[in-house]
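This one's a predicted model, so the numbers in the text were calculated from it and none came from an experiment. All ligand and atom numbering here is 1-based and tracks the order in the structure.
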Amino acid sequence: MAKLLVVATGNPGKLREMQAYLAGSGWELTLKPEELEIEETGETFAANACLKASQTAQATGNWAIADDSGLQVDALNGAPGVYSARYGKTDAERIARLLRELGNEVNRQAQFACAVAIARPDGAIALQSEGVCRGEILHAPRGHGGFGYDPIFYVPQKQLTFAEMSPELKRSISHRGRAFTALLPQLDTVLSPES
Ligand code: IMP
């Protein structure tokens, strides 16, 4: 019988993405209860992933998984970082603010980073991993896929923005994809049905 892993998000898109990464792992993923709200007070992606996983596990009495991610721009000293989601009200506003703050800066280097944490039913953190994807910030958006900052994040090796990639290609090179790839081999040992 599949064991339940509660995803510490209210976002069905994130649930679907995690299901794709964890397909075949023998775990059944489900969204956290809507009324459970968790404030992301951490100063790092790892701290936020841990607090979301931990609080969701404790509140539901199940194993829980959480991720936290964002964009770090070198010339902005790593901003917007953990504030990526709070940088504006909509994706368009967040992108406009970032492009305004970067202005004509020549150094467009940036990275997406993602931390993933899994907590036991008592809230103790059982596993953690991180992944990054380096790229460059364009001067204007390109492409219509994905979400968030995808249209301005260009990956030179693929000559495409995240928003121009197929979901499969994005998953294979993205910060979230890399964090989950690093997590998977450990998952079997820690999440065995008896534990
Ligand atoms: P969170 O991980 O749900 O807290 O979201 C962090 C924020 O970072 C999102 O709202 C997006 O603005 C941004 N972000 C994280 N991952 C991606 C991505 O793969 N593409 C575009 N934006 C992202």
J.: Heavy-atom count check: over 12 atoms from other residues, nucleotides or ligands less than 6.0 Å from Glu43 CD?
T.: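 Result for CD/Glu43: open.
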J.: Please list, chain by chain and in numerical order, all residues satisfying ring-ring contact (aromatic ring centres under 6.0 Å, His included) with Tyr21, sequence neighbours excluded.
T.: Phe180
J.: Look at atom 23 (C) of ligand 1 and say which protein heavy atom is nearest, naming residue and atom and giving the distance to 0.1 Å.
T.: Phe112 CE2, 3.4 Å
J.: Which of the atoms in ligand 1, numbered in the order shown and given with their element, are less than 4.0 Å from a heavy-atom of Lys170?
T.: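 Counting atoms of ligand 1 from 1, those under 4.0 Å from Lys170 are 18 (C), 19 (O), 20 (N).
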J.: Looking only at protein heavy atoms, which one is nearest to atom 5 (O) of ligand 1, and what is the separation?
T.: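 Checked against all protein heavy atoms, atom 5 (O) of ligand 1 sits closest to Ser69 O, 3.8 Å.
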J.: Write out the residue and atom name of the closest protein heavy atom to atom 3 (O) of ligand 1, then the distance separating them to 0.1 Å.
T.: Lys14 NZ, 2.7 Å
J.: Provide, to 0.1 Å, the distance between atom 22 (N) of ligand 1 and the closest protein heavy atom, together with that atom's residue and name.
T.: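 Checked against all protein heavy atoms, atom 22 (N) of ligand 1 sits closest to Tyr149 N, 3.2 Å.
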J.: Hey, does Asp67 have a side-chain heavy atom less than 4.5 Å from the side chain of Met18?
T.: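 Met18 vs Asp67: side chains touch.
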J.: Counting heavy atoms only, which of Pro80, Ala85, Gly10 comes nearest to atom 9 (C) of ligand 1?
T.: Ala85
J.: Using a 4.0 Å cut-off to any heavy atom of Asp150, which atoms of ligand 1 qualify?
T.: 18 (C), 19 (O), 20 (N), 21 (C)
J.: Identify the closest protein heavy atom to atom 8 (O) of ligand 1: which residue and atom is it, and at what distance?
T.: Ser84 CB, 3.3 Å
J.: Check the surroundings of atom CZ in Arg16: do more than 12 heavy atoms from other residues, nucleotides or ligands lie under 6.0 Å from it?
T.: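 Not more than 12 within 6.0 Å, no.
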J.: If hydrophobic clusters are built from ILVMFWY residues whose side chains come within less than 4.5 Å, do Phe112 and Ile95 share one?
T.: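 Yes: a chain of side-chain contacts under 4.5 Å links Phe112 to Ile95.
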J.: Between Arg94 and ligand 1, is there a nitrogen or oxygen pair with a distance under 3.5 Å?
T.: no
J.: Do Ile137 and Phe147 share a hydrophobic cluster, counting only Ile, Leu, Val, Met, Phe, Trp and Tyr and linking them when any side-chain heavy atoms are less than 4.5 Å apart?
T.: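 Hydrophobic grouping puts Ile137 apart from Phe147.
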J.: Please determine whether the number of non-hydrogen atoms from other residues, nucleotides or ligands lying under 6.0 Å from atom NZ of Lys14 exceeds 12.
T.: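 Yes.
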J.: Do me a favour and list the nearest non-hydrogen protein atom to atom 17 (C) of ligand 1 with residue, atom name and distance?
T.: Phe147 CZ, 3.4 Å
J.: Could you identify the single nearest non-hydrogen protein atom to atom 4 (O) of ligand 1 and state the distance to 0.1 Å?
T.: Asp68 OD1, 3.2 Å
J.: Would you mind running through ligand 1 and noting each atom that sits below 4.0 Å from a heavy atom of Gly70?
T.: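 Heavy-atom distances to Gly70 below 4.0 Å select 8 (O).
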J.: Consider side chain to side chain contact (heavy atoms under 4.5 Å, CB included). Of Thr9, Val6, Leu22, which one does Ile65 pass it with?
T.: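 Of the listed residues Thr9, Val6, Leu22, the side chain to side chain contact (heavy atoms under 4.5 Å, CB included) partner of Ile65 is Leu22.
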J.: Enumerate the atoms of ligand 1 whose separation from the nearest heavy atom of Gly148 is less than 4.0 angstrom.
T.: 21 (C), 22 (N)
J.: What residue and atom, counting heavy atoms only, is the protein's closest point to atom 16 (N) of ligand 1, and at what distance?
T.: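 For atom 16 (N) of ligand 1, the nearest protein heavy atom comes out as Arg176 NH2, 2.8 Å.
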J.: Pick out which of Gln111, His175, Gln72 makes a side-chain hydrogen bond (donor to acceptor under 3.5 Å, both in side chains) with Arg134.
T.: Gln111
